[in-house]
Amino acid sequence: MDNDFPIVNERVTAYINSLAPDNSREIENIREKAEKEYVPIIKRETESLLKTLITLKSPRNILEIGAAVGYSALIMSGCMGVDSNITTIESFGKRVKEANENFAALGMQDRIRLIDGDALEVLDILDDSFDMVFIDAAKGQYGEFFNKAIKLCLPGAVILTDNVLQEGTIVESRYLIEQRDRTVHSRMRDFLYDITHRDDVSTSIIPIGDGVALSIVR
Ligand code: SAH
Ligand code: MG
């Protein structure tokens with residue numbers, strides 16, 4: 001799904017990103033490799049929001065759905081406290097392997113637990129409780145991820161969901177959306193309606209990056 005006009009003016013985004021302090025060389029190498037191989041890692045402006053939220057919340061136990069090569073998990077691990085841990089889920093074998101290598105290379109293998117499997121199944125068998133969740137996997141399954149993840153959340157937990165505005169195409173009529181993208185488009189709209197109207201969370205949709213939903217569990 002491509003759109004002619006980005007959610008946020010590109011020059012404004014470029015300016016905001018120019019203000020972001022550099023990550024370590026190791027982290028930047030992982031980003032560069034991922035971008036070269038079209039792995040859909042978080043945008044820089046979203047990364048900065050994620051870091052600030054972790055600092056605000058000081059979560060002890062973070063759940064991530066969609067690890068890819070481990071980039072966002074490593075970003076989160078870089079600003080979480082010494083007693084904090086991350087559980088992240090990835091179903092694509094090649095990425096599981098690369099993520100584990102990246103966690104080990106940065107000495108984070110004991111702080112980040114990567115579960116190899118389909119999050120829809122893994123979430124049913126996890127018995128941990130989490131105070132922060134980052135949802136960043138298959139866009140058509142967000143409703144299910146959210147419903148399963150919230151059952152594992154403590155009151156006050158922060159749930160950040162990425163890519164909810166679909167490069168801005170979320171505002172288009174379904175008839176202007178290519179046939180193959182229509183299911184995801186309508187599911188994402190249903191998802192956004194649900195999380196902004198249900199009683200168990202307070203949600204704000206933020207037009208940053210590809211759009212994020214910030215939900216706080218009541
Ligand atoms: N959070 C990562 C990017 C994740 S990209 C970062 O910013 O660095 C989305 C990933 O979710 C892909 O690697 C894809 O394989 C994985 N994914 C999609 N659906 C999934 C599912 N149901 N269970 C587990 N992983 C899934
Ligand atoms: Mg994303």
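Please read all numbers here as calculations on a predicted model, not as lab measurements. Read the numbers this way: they start at 1 and go in the same order the structure lists the ligands and their atoms.
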Next item on the list: Please report the number of protein N, O or S atoms that lie less than 2.8 Å from the Mg ion (ligand 2).
Entry: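 Under the 2.8 Å cut-off, the count stands at 3.
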Note to self: Let me confirm one number: the CD-CD distance from E37 to E32, rounded to the nearest 0.5 Å.
What the structure shows: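 So the gap between those two atoms works out to 12.0 Å.
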Item checked: Gap between atom OG1 of T87 and atom CZ of F130 - 0.5 Å precision ->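 Rounded to the nearest 0.5 Å, the CZ-OG1 separation comes out at 4.0 Å.
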Contacts table for ligand 1: protein N or O within a distance under 3.5 Å of ligand N or O, distances only.
residue, atom, partner, partner atom, Å
ligand 1, 1 (N), G66, O, 2.8
ligand 1, 1 (N), S72, OG, 2.8
ligand 1, 1 (N), D136, OD2, 2.8
ligand 1, 7 (O), I42, N, 2.8
ligand 1, 7 (O), S72, OG, 3.3
ligand 1, 7 (O), D136, OD2, 3.4
ligand 1, 8 (O), S72, N, 3.0
ligand 1, 8 (O), S72, OG, 3.3
ligand 1, 13 (O), E90, OE1, 2.8
ligand 1, 13 (O), E90, OE2, 3.1
ligand 1, 13 (O), R95, NH1, 2.8
ligand 1, 15 (O), E90, OE2, 2.6
ligand 1, 19 (N), A138, N, 3.3
ligand 1, 22 (N), D118, OD1, 2.9
ligand 1, 22 (N), Q141, OE1, 3.2
ligand 1, 23 (N), A119, N, 2.8
ligand 1, 25 (N), S91, N, 3.3
ligand 1, 25 (N), S91, OG, 3.2

Next item on the list: Give me the ring orientation class for H197 and Y193: parallel if the planes are under 30° apart, tilted from 30 to 60°, perpendicular past 60°.
Entry: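 Plane angle under 30°, so parallel.
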Check: Taking it one step at a time, do R31 and Y71 satisfy side chain to side chain donor-acceptor pair (under 3.5 Å)?
Finding: CA-CA 7 Å; R31 174 178 275 286; Y71 181 80; 3.0 Å; yes
Between [Y] and [X], is there a salt bridge with N-O shorter than 4.0 Å?
| X | Y | value |
| --- | --- | --- |
| E144 | K148 | no |
| D162 | K139 | no |
| K94 | E98 | no |

Checklist line | Any donor-acceptor pair under 3.5 Å from R111 side chain to S84 backbone | finding: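 Yes, because the side chain of R111 sits within donor-acceptor range (under 3.5 Å) of the backbone of S84.
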Next item on the list: Mark yes or no for whether N147, through its side chain, and G143, through its backbone, hold a donor-acceptor pair below 3.5 Å.
Entry: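 Yes: the side chain of N147 pairs with the backbone of G143.
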